[in-house]
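What follows is a single structure, written as structure tokens, with notes after it.
None of these values were measured; they are calculated from a predicted model. Labels below follow one simple rule: chain letters A, B, ... track the order of the sequence lines, proteins then strands, and each chain is numbered from 1.
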Amino acid sequence: MAPMKGLTVFIADLRKCRSNEEEERRVNKELANIRTKFKDPNLSGYNRKKYVCKLIYMSLLGYDINFGHREAVELISSSKYSEKQIGYLAVSLLLIENDDYARSVLSALRRDMHDPNEWIVCLALNAISNITIQRMAEILTEDIVVQLLSPAASVFTKKKAALCLLRLLRKFPDAVNAQRWAARIVPYLGHRDIGVTLAAASLVTALAQQFPDDTRKAASFAIRRLKSLVVDNEYPTDYVYYKVPAPWLQIKLLRLLQYYPAPESPELRSLLLSILRHIIDISQDVPRELQQMDAQYSILFEAINLGIHLDIDQGLMRECALLLGRFITSRETNVRYLGLETMAHLAAYIDTLEPVKAYQGVIIRSLRDRDVSVRRRALDLLYSMCDVDNARVIVSELLRHMAVSDAALREEMALKVAILTEKFATEYSWYVDVMMRLVSLAGDHMGDEVWHRIVQVILANEELQLYACKISLQTLKAPVCHESAFKVSAYVLGEFGHLIANTPDCAPVDQLKALQAKMGATSQAARAVALTTVGKFINLFPEIKTLCLRVLDRYRSALDAELQQRACEYYALGTVESEDLLPTVFEEMPPFPERQSALMSRLLKREADTEDQRTWVFGGREINRERKLQKPGNVSGGESTEDLDDAAARAQQLSDSDVQNSALLAAGGSGNEQAEAEDAGLTPEEHERVAKSKRHYARLLWESDGILYDGDEIQVGIVAQYKPPAGRIGVFLGNKSTAPICDIQVLVKSDSALAVQQATQDTPGSLLPLAQARLFFDVTCTRVFTTAPTLRVSYTVAGAPTVSELQLPVTMGHFIDPVTIPVGDFFARWKQLGDADIKEAQSVLRTPFLSDAAAVQWLRSVVGGMGFALIQGADPEPDNIVGVGIATTEVGGRFGCLLRVEPKPAHGLTRVTIRATSPDVARVIATNISMVFESR
Amino acid sequence: MTIKYVFLVSRQGKLRLSKWYSTATAKQISKTIKEVSQLVLARKPKQCNFIEHRDTKVVYRKYASLYFIVGVELDDNELLILEFIHRYVECLDRYFGNVCELDLIFHFQKAYFVLDEMVMAGELQESSKRTVLRAIAQQDETETKENAERGWGDINDLVELLDKY
């Protein structure tokens, strides 16, 4: 040691200070001194080092150090090792974020990385791992890889290079280009030096999750290395830790193997099993020394984790369960804690829970352990091991403990009880009883998810509702009623109160009184729910309407805006003279669409966001199995990262949708409409889309080209040319997505009166992004037809098959040619056709525009576009439009059509009358025109 | 094992060393130190050495008046982290010769350097006591040599001392 006297003296001074004020004075004096010294251009390196050390010490004491950064950077550039070392230490501890300094640190680092002295290189590597910035990853990765792989580098440098790479890889996975060197790291698992192997194992573990293919040999390396440590006892004595050979390396390798599937080669498989067996055998004896016991057991627990993951020897697992059973009764708290934790892992996977259930009593007792950490693990385990058989026991134990457990644990307990009860309930009454007790007990420590979920479940299960009503009323009548219990009860009575209205003591008046009695003492959120219930009561029980209105009336002047609004609105609804308004608004809520419980997502959310991904999750064999199935052969860590992300995203989405949902719940009756819209399966976006495609279609009724469909993935355009009775339709398919569209099939289905034939032979099989394909169809109108043909486009994009069915804008109205007749003839023919009343189609349509001039202009182009010749001056009213056309079919003959459009701007209406020699033709044209008007 | 942080506090709650391996702002760090210290200092002797704090598992062990506290990921192997703490203490003990809190106060930078030889990027780098101590010994030797070259350094120290008394 080479102490710096000035520093020692300073620290001693500070220690002598009797009060905080005295210490602060001393610190301030020193800071002033250092500032002056730093101004001295001839400050020696030694002194600079000393002063920077003092600054570090002061920052440790909690003083805010906001200068000295320049000096720290200068130290880094010094040629002396000890000065560099303090410089790097200061930079990493004082968290220098200024860009200028970061740049000079970076250039110093680059120099040091190439220093001939390996101690300096190591210093730089260590510094990079401490102060990682993106630019470093970009510039220095190459050099670091060289240091790791170079045969000339010492083991001392290699292990630091490996860990430095690991840090860069974790922080900037995209900047380090890991795939290029990943495979070359794997053989280092067999390096003779244990320090290097350990560092490499850490790095490979991270790589295995991203590049399972490049690192697939890692498993066999790891197994052989473990064998030499555990079975063959080959290791330098330096690495024996209290009689246990290299425990850290053993754990690293056992953990690494959990990212790979069980080895396929029989040799490796039996080798691995013999290693596990060996570890379990050693652990049968209880080591006397604490350190040895910890090290030995830590390996055992990791081996059990690996065994569970491999899932190849049930016998071994049963033995593990026995061993764990011994641990959870151990007198060592640490061992109890880990025993419970590992058993929870076992219970989350094992096929039959019997070996774990044997310890149910002990585990339940652990809920009362004097250590909160142990209690938490017991809770996790009980949750993992719960099934239909023991659900009642476990849930009632959890409820019993809830009352006495600490606040930190209570929320999680409440969630878990709610999930287990819902999952394993076999009787409705049990579910309702437990949940009501739960909301009363857990009370404030519980998120809203729980009571929302209860309401959802009750709404979805009719059998539950009567019982739920009874219990709700009881709850309200009880002397004390917790807020959440109040909300559930109020909601349930509002929906289903009528079910018990004829039971003694449950009359509408009783229900309202019970509600009113508790309402005063609850929070505003709860009162809001209660007000909705009162509103619903007006609808359910007209006999107590006056009483209900009186309650609402009182809240009409509530201070809280939400309460006031609800009261006013419900009051108004209750007093308005309308027979069906109230029943419509307060209609029974539809059951909620089935989806993953918000409770589950809440629970899973707790476990996101770690650096190395977890190899398993608590709670439920289903999830773990599913995970296992999801990744075939369990190989790809990379894929499962995605899985996790997906799951997280999904969970996020779900919880988001539940937020909406809870808003719905809170809004009670007024949410009805929205709920119904949801029921119809159409979201607002879908409504929007339907309206849009209607507009596209209508436009093509009078224009010859345009877009027919504009989706997220494809766009369909139409170009049409008619020469009645024939026509040619061009269909344009465009790929709007960023992925290629494949397996395209296009099919037109039409009425027998309309012959459709594809003119171009080849439908292209696939479309690249942004590419377009053209298809032509020849159509011939043989007879009058009334239904437009459909265009069915099916394709696969990004692996998802999709079918779009579109109506083609080909109608009888398209086969009309304009005919010009003398002005005087029009009304003669009009009258002629009008005599046979059946041949007329008339509609009065809302005029969709404001300005008259534009209206007339638009009307003219529509009528002209539809194939009618406009007869100017035929109609005495100058704004009216009359037109003549003739529809031609191939064998059905030709049909004359007369059209008269009478705008009535004063009323905002337009009357359209069509007279034709075929009533069907008249009707089709009328429909077309009204569609055009509607979608304008 | 991925170590998020290591810090040392005395029974009075005084910070003696703090090293963060994950990215965090100064504010987050001081908040974590405060919260975790409170949790740990409140623990009783017979309780286990693990406690959860937010999304971190805290593994701690008390040596005399000093708590060694390590934050790791939730699914890390706790026992081995506990033994890592022990190994660190053993290394310090060997280096200082019967280490006490005062050694770590007056030579805090050395405590950092020993830790740097054992942990990097949050992962254990070296578990061999001999290898760690050899590296530190070499550093000390270099420093002694470099300090001897400083010429006026000692004199400056003397001047500072004279200023004081």
Q. Are any of the side-chain heavy atoms of Leu15(B) and Leu61(A) separated by less than 4.5 Å?
A.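 Sidechains of Leu61(A) and Leu15(B): no contact.
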
Q: Find out whether Glu117(B) and Lys160(A) are in side-chain contact, i.e. whether some heavy atom of one side chain is under 4.5 Å from a heavy atom of the other.
A: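 Answer yes - side chains close enough.
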
If I measure from the heavy atoms of chain B, does [X] come under 4.5 Å with its side chain, its backbone, both, or neither?
{"X": "Gln85(A)", "result": "both"}
{"X": "Arg336(A)", "result": "neither"}
{"X": "Phe301(A)", "result": "side chain"}
{"X": "Ala12(A)", "result": "both"}
{"X": "Asp64(A)", "result": "neither"}
{"X": "Tyr337(A)", "result": "side chain"}
{"X": "Leu60(A)", "result": "both"}
{"X": "Cys164(A)", "result": "both"}
{"X": "Ile11(A)", "result": "both"}

Measure distances from [X] to the heavy atoms of chain A and classify the residue's part below 4.5 Å as side chain, backbone, both or neither.
{"X": "Phe106(B)", "answer": "both"}
{"X": "Arg43(B)", "answer": "side chain"}
{"X": "Leu102(B)", "answer": "side chain"}
{"X": "Lys44(B)", "answer": "neither"}

Q. What is the ring orientation for Tyr242(A) with His86(B), classed by angle as parallel under 30°, tilted 30 to 60°, or perpendicular over 60°?
A.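 The arrangement is tilted - the two ring planes meet at 30° to 60°.
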
Is a side-chain donor-acceptor pair under 3.5 Å present for [Y] with [X]?
{"X": "Lys49(A)", "Y": "Asn147(B)", "answer": "yes"}
{"X": "Ser82(A)", "Y": "Glu143(B)", "answer": "no"}
{"X": "Glu83(B)", "Y": "Tyr241(A)", "answer": "yes"}

Rounded to the nearest 0.5 Å, how far does [atom2] of [Y] lie from [atom1] of [X]?
{"X": "Tyr239(A)", "Y": "Ser127(B)", "atom1": "OH", "atom2": "OG", "value": "6.0 Å"}
{"X": "Ile120(A)", "Y": "Thr142(B)", "atom1": "CD1", "atom2": "OG1", "value": "9.0 Å"}
{"X": "Leu198(A)", "Y": "Ser128(B)", "atom1": "CG", "atom2": "OG", "value": "11.5 Å"}

With no hydrogens and no angle check, is any side-chain donor or acceptor of [X] less than 3.5 Å from a backbone partner on [Y]?
{"X": "Asp371(A)", "Y": "Cys48(B)", "answer": "yes"}
{"X": "Ser373(A)", "Y": "Phe50(B)", "answer": "yes"}
{"X": "Asn334(A)", "Y": "Asn49(B)", "answer": "yes"}
{"X": "Glu302(A)", "Y": "Asn77(B)", "answer": "no"}

